J.: 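Following this message is one structure expressed as structure tokens.
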Amino acid sequence: MLKTLLGSLSAEHALIFILAREEGYARDIARFHERDLYAIQKQLDKLEAGGILVSRLAGRTRLYIFNPRYPFLNELKALLQKALSFYSVEDQEKLLMNRRRPRAKGKPL
């Protein structure tokens with residue numbers, strides 16, 4: 001949807017993922033959207049070089065978040081939120097469901 005504006009589908013996928021989950025790393029984004037890892041990595045590097053994203057290391061994993069000092073952050077998030085609203089309900093639910101911890105033994109689904 002924003003491919004033309006952002007320059008690539010990988011950039012759109014990366015930004016939408018980070019918007020929905022507040023942070024993300026390249027392999028997780030690539031796996032979720034079934035995209036090439038290298039393409040996602042290049043877009044994340046490009047977005048970080050442009051000041052849109054910032055990263056930090058958590059062990060050996062580089063986590064990306066939106067740069068709070070980016071001057072157009074609110075406008076960018078509003079645009080991405082609008083684009084996310086046009087995604088199918090299934091895709092929105094998958095993006096917004098962010099399970100990180102394992103389920104307790106015997107706990108029902």
Side-chain angles (χ1 to χ4, degrees):
M1 186 168 297
L2 296 176
K3 177 183 172 187
T4 307
L5 185 63
L6 297 174
S8 78
L9 191 57
S10 297
E12 177 183 348
H13 287 319
L15 290 173
I16 291 285
F17 187 92
I18 294 171
L19 174 77
R21 300 206 177 166
E22 296 179 7
E23 68 178 10
Y25 58 96
R27 185 171 303 280
D28 199 21
I29 297 168
R31 198 176 294 143
F32 181 83
H33 288 291
E34 298 175 356
R35 304 282 301 168
D36 181 45
L37 174 61
Y38 182 70
I40 297 292
Q41 287 173 330
K42 283 194 64 102
Q43 289 305 316
L44 289 170
D45 289 341
K46 184 175 147 184
L47 292 166
E48 186 176 20
I52 297 169
L53 300 177
V54 291
S55 66
R56 65 179 171 85
L57 287 175
R60 291 178 37 191
T61 303
R62 182 164 299 280
L63 292 171
Y64 292 88
I65 61 170
F66 282 106
N67 182 358
R69 295 184 177 167
Y70 184 64
F72 304 111
L73 182 60
N74 293 333
E75 291 83 359
L76 176 62
K77 282 186 173 182
L79 178 66
L80 292 170
Q81 193 67 44
K82 184 71 170 182
L84 182 60
S85 72
F86 285 101
Y87 279 41
S88 70
V89 175
E90 293 175 352
D91 290 341
Q92 287 181 32
E93 288 176 0
K94 283 194 307 187
L95 266 169
L96 297 173
M97 185 175 75
N98 189 11
R99 280 204 164 131
R100 291 290 175 196
R101 294 184 290 158
R103 183 176 299 284
K105 185 177 179 180
K107 185 175 179 181
L109 293 174

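When a residue number appears, it is its place in the shown sequence, counting from 1. Not measured: the values here are computed from a predicted model. Computed from heavy atoms alone, side chains included, the values below leave out hydrogens, waters and symmetry copies.
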J.: Rounded at 0.5 Å granularity, tell me how far CD1 in Ile52 sits from CG in Leu6.
T.: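 The distance works out to 8.0 Å.
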J.: Could you grab the distance from atom CG of Asp91 to atom CZ of Phe32, nearest 0.5 Å is fine?
T.: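 Between atom CG of Asp91 and atom CZ of Phe32 there are 6.5 Å.
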J.: Tell me whether Leu2 is reachable from Phe72 by hopping between hydrophobic residues (I, L, V, M, F, W, Y) whose side-chain heavy atoms are closer than 4.5 Å.
T.: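 Shared cluster, yes.
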J.: Membership question, hydrophobic clusters at under 4.5 Å side-chain separation (ILVMFWY): are Leu63 and Val54 in the same one?
T.: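 No: no chain of side-chain contacts under 4.5 Å links Val54 to Leu63.
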J.: Return yes if some donor-acceptor pair links the side-chain N/O of Glu22 with the main-chain N/O of Ile65 below 3.5 Å, else return no.
T.: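 Side chain of Glu22 to backbone of Ile65, a donor-acceptor pair under 3.5 Å: no, none is there.
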J.: Would you mind listing every salt bridge (charged side-chain N to carboxylate O under 4.0 Å, His left out) that reaches into residues 66-81, with sequence neighbours excluded?
T.: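 Pairs touching residues 66-81 that pass the test: none.
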J.: Just wondering, do Leu5 and Leu79 contact through their side chains at under 4.5 Å, heavy atoms?
T.: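 When only atoms from C-beta onward are counted, Leu5 and Leu79 do touch, with a gap below 4.5 Å.
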J.: To check you understand the geometry: which heavy-atom pair defines the closest contact between Ala83 and Ile16, and what is its length?
T.: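 Of all heavy-atom pairs spanning Ala83 and Ile16, the closest is CB-CD1, 4.4 Å.
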J.: On a heavy-atom basis, which atom in Asn67 and which in Leu73 lie closest, and how many Å separate them?
T.: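 Shortest heavy-atom separation between Asn67 and Leu73 comes out as O-CD2, 3.5 Å.
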J.: Would you call the rings of His13 and His33 parallel, tilted or perpendicular, where under 30° means parallel and over 60° means perpendicular?
T.: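 The arrangement is parallel - the two ring planes meet at less than 30°.
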J.: Which heavy atom in Ile29 sits nearest to a heavy atom in Phe17, and how many Å separate them?
T.: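 Shortest heavy-atom contact: CG1-CD2, 3.3 Å.
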J.: Where the side chain of Arg21 meets the backbone of Met97, is there a donor-acceptor pair that is under 3.5 Å apart?
T.: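 Flag set: sc Arg21 to bb Met97 pair under 3.5 Å.
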J.: For the CD1 atom of Ile40 and the CZ atom of Arg27, what is their distance to the nearest 0.5 Å?
T.: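 Rounded to the nearest 0.5 Å, the CD1-CZ separation comes to 12.0 Å.
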J.: Mind listing the closest non-hydrogen atom pair of Ala14 and Leu44 along with its distance?
T.: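 For Ala14 versus Leu44, the nearest heavy atoms are CB-CD2, 3.9 Å.
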J.: Can you name the closest pair of heavy atoms from Leu96 and Ala20 and give their distance?
T.: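 Here Leu96 and Ala20 meet closest at CD2-CB, 3.8 Å.
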J.: Could you state the interatomic distance from OG (Ser10) to CD (Gln41), rounded to the nearest 0.5 Å?
T.: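 Ser10 atom OG to Gln41 atom CD measures 11.0 Å (nearest 0.5 Å).
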J.: Taking all non-hydrogen atoms of both residues into account, name the closest pair between Ser55 and Glu48 and its distance.
T.: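 The answer is OG-OE2, 2.7 Å.
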J.: Group every Ile, Leu, Val, Met, Phe, Trp and Tyr by side-chain heavy-atom contacts under 4.5 Å, then state whether Leu80 and Tyr70 land in the same group.
T.: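 Cluster IDs for Leu80 and Tyr70 match.
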J.: Got a sec, which pairs hit salt bridge (charged side-chain N to carboxylate O under 4.0 Å, His left out) with one end in residues 32-46, sequence neighbours left out?
T.: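 The answer is none; no pair qualifies.
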J.: Please say yes or no: joined through hydrophobic side-chain contacts below 4.5 Å, possibly via intermediate residues, are Leu53 and Leu9 part of one cluster?
T.: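 No, separate clusters.
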J.: Do Tyr64 and Leu95 share a hydrophobic cluster (ILVMFWY, side-chain heavy atoms under 4.5 Å, transitive)?
T.: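 Yes: a chain of side-chain contacts under 4.5 Å links Tyr64 to Leu95.
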J.: Which salt bridge (charged side-chain N to carboxylate O under 4.0 Å, His left out) pairs, counting each pair once, include a residue from residues 56-68, with sequence neighbours left out?
T.: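 Counting only pairs at least two positions apart or across chains, the salt bridge (charged side-chain N to carboxylate O under 4.0 Å, His left out) contacts touching residues 56-68 are Glu23-Arg56.
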